[in-house]
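Naming convention: chains lettered A, B, ... in sequence-line order (proteins, then strands); numbering from 1 in each chain. Only heavy atoms go into these numbers, but all of them, side chains included; no hydrogens, no water, no symmetry mates.
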Number of protein chains: 2
Amino acid sequence: MNLIILDPKQSLGEGVYALSDRQQLHISHVIKASSGDILRVGGLNGKIGEGVYQAPDKEPKGDRVNGTGTIHSLSLTLEPPAPLPIVVVMALPRPNMLKRTLQNMSAMGVKEIYLIHSAKVEKSYWQSPVVQPDVIDSVLLEGLEQAKDTMMPKCQLVPRFRPFVEDQLPEILEGKKGLLAHPYQAQACPVNLHEPSVLALGPEGGWNEFEVTKWLAAGMESVHLGERILRVETVVPVLLSRLYPAGLSS
Amino acid sequence: MNLIILDPKQSLGEGVYALSDRQQLHISHVIKASSGDILRVGGLNGKIGEGVYQAPDKEPKGDRVNGTGTIHSLSLTLEPPAPLPIVVVMALPRPNMLKRTLQNMSAMGVKEIYLIHSAKVEKSYWQSPVVQPDVIDSVLLEGLEQAKDTMMPKCQLVPRFRPFVEDQLPEILEGKKGLLAHPYQAQACPVNLHEPSVLALGPEGGWNEFEVTKWLAAGMESVHLGERILRVETVVPVLLSRLYPAGLSS
């Protein structure tokens with residue numbers, strides 16, 4: 001946790017914010033702060049700066065929080081890091097990959113994510129406890145805390161492929177370059193894009209023929225990613241870095 | 001497992017290779033091959049092609065292998081994918097990050113890896129069961145199997161920082177660009193290098209002042225990676241993709 005992100009829901013009024021249990025544990029055990037210490041904080045979906053820490057009456061014991069510390073006297077003046085100008089549409093990966101992949105996308109600055117069904121996505125993946133809006137949000141929040149960002153990504157679940165690609169995609173794609181990761185009849189994925197994009201990443205085993213036809217009909221171009229087959233959790237940082245190297249380190 | 005990699009140690013003579021238990025389980029449960037089927041195989045540190053599968057007398061039950069299948073009649077004619085022209089020197093990460101990071105580097109084509117001590121590496125990390133040459137080799141092998149590569153990376157453990165940087169590094173660095181990931185007094189990390197490089201990645205919390213001085217004295221240049229702080233398992237694919245985008249997708 002490299003940034004304490006304060007949600008308006010944590011406000012106690014008069015500029016004082018209650019810390020969440022996770023934040024309290026981090027401050028007590030890792031930062032080891034005392035009352036009066038100035039900590040780096042950000043407002044959720046807002047600016048970044050500093051706040052003053054007030055410890056709880058009793059410090060946590062192990063993982064058990066014994067009272068709520070607060071942050072007060074906030075001074076938030078800095079903009080969060082720039083987002084990546086990309087929309088990622090990803091076939092729902094297997095649950096153990098999903099968490100890390102979402103966290104990475106959030107940490108890298110992706111702000112618009114669609115998790116979509118595809119013929120080769122196992123139906124059981126949609127029943128995973130990770131695929132719950134509140135779990136997804138907490139994973140995305142961890143990505144922001146890691147990367148010192150405050151702007152919460154939007155992640156939508158798309159259990160039906162066809163209506164999305166036929167009805168929603170054209171609007172999402174407007175003014176953006178559409179890239180379909182698909183190894184056949186494709187050119188190499190571009191490097192250093194100077195325009196916003198929509199990137200569609202398939203499941204293990206790839207998109208099927210019907211799906212590819214639908215993506216291409218909607219205006220996506222197929223791009224290949226080279227000879228090496230990488231896991232989705234590796235492909236995501238590789239592609240984001242390839243498409244927007246300056247967005248990650250400018 | 002996207003490639004069955006046959007080690008000379010698996011040879012039974014006369015061009016027949018015994019499958020490892022992991023390979024047998026994959027062939028029986030995932031590929032679901034029968035005797036006579038042609039499978040994609042590679043020779044460890046050699047070429048890639050096909051071989052003919054001979055099933056064991058009894059198929060595995062669950063995770064329990066009941067006999068050894070074999071591969072025979074190999075025809076290996078294709079070169080493995082090109083390696084990345086980079087040497088990675090990484091402060092030993094925490095064990096849960098180490099495995100995935102090594103696997104990713106192997107899958108992405110890194111062939112020379114040094115895991116080095118640094119002031120901010122916890123001494124206990126060196127005692128982890130993951131930091132054993134045979135475990136490291138099996139993790140690197142999984143990376144090769146993922147990426148359909150056969151060339152085993154070399155990974156060396158460097159428990160003492162100073163003799164490495166003073167005595168070994170100059171030779172390793174010869175003819176290569178040395179990049180030290182360090183956020184202060186640094187320029188942005190380059191994109192699309194056209195020369196081989198040595199990349200040094202610090203621990204959580206970074207290199208200390210003494211270490212930075214030593215790296216710079218050895219001829220490394222410090223580069224920063226932007227505002228966002230990413231976990232080491234994310235930074236590795238981000239940087240490899242940034243430095244050698246064409247090496248990953250040409």
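- In A:Asp63, the CG atom is not crowded: 12 or fewer heavy atoms of neighbouring residues, nucleotides or ligands sit closer than 6.0 Å.
- A distance of 8.5 Å separates CD in A:Glu204 from CG in B:Asn2, rounded to the nearest 0.5 Å.
- The candidate with the highest count of non-hydrogen atom pairs below 4.5 Å against chain B, out of A:Ile229, A:Leu239, A:Asp149, A:Val223, is A:Ile229.
- Enclosure of atom NZ in A:Lys176 by more than 12 non-hydrogen atoms of other residues, nucleotides or ligands within 6.0 angstrom is indicated.
- The minimum heavy-atom distance between A:Val238 and B:Pro237, with the atom names listed, is CG2-CB, 3.8 Å.
- One finds the CZ atom of A:Arg242 at 13.0 Å from the CG atom of B:Leu240 (value rounded to the nearest 0.5 Å).
- Contact between B:Glu233 and A:Glu233 at its shortest, heavy atoms only, is OE1-OE1, 4.5 Å.
- The two residues B:Gln146 and A:Leu230 have their closest heavy-atom pair at NE2-C, 3.4 Å.
- Annotation: side chain of A:Arg100 is in contact with side chain of B:Arg100 (closest heavy-atom distance under 4.5 Å).
- Listed by sequence position, the residues of residues 89-98 of chain A in contact with chain B number zero, using a 4.5 angstrom heavy-atom cutoff.
- Taken from CZ in B:Arg231 to CD in A:Gln103, the straight-line distance is 4.5 Å, to the nearest 0.5 Å.
- In terms of heavy-atom pairs under 4.5 angstrom with chain A, the leader among B:Asn104, B:Val235, B:Asn192 is B:Asn104.
- Atom NZ of B:Lys154 is surrounded by 12 or fewer heavy atoms from other residues, nucleotides or ligands within 6.0 Å.
- The neighbour count for A:Glu209 CD, taken as heavy atoms of other residues, nucleotides or ligands under 6.0 Å away, does not exceed 12.
- Residue contact with chain B, scored on non-hydrogen atoms closer than 4.5 Å, involves the backbone of A:Ser106 exclusively.
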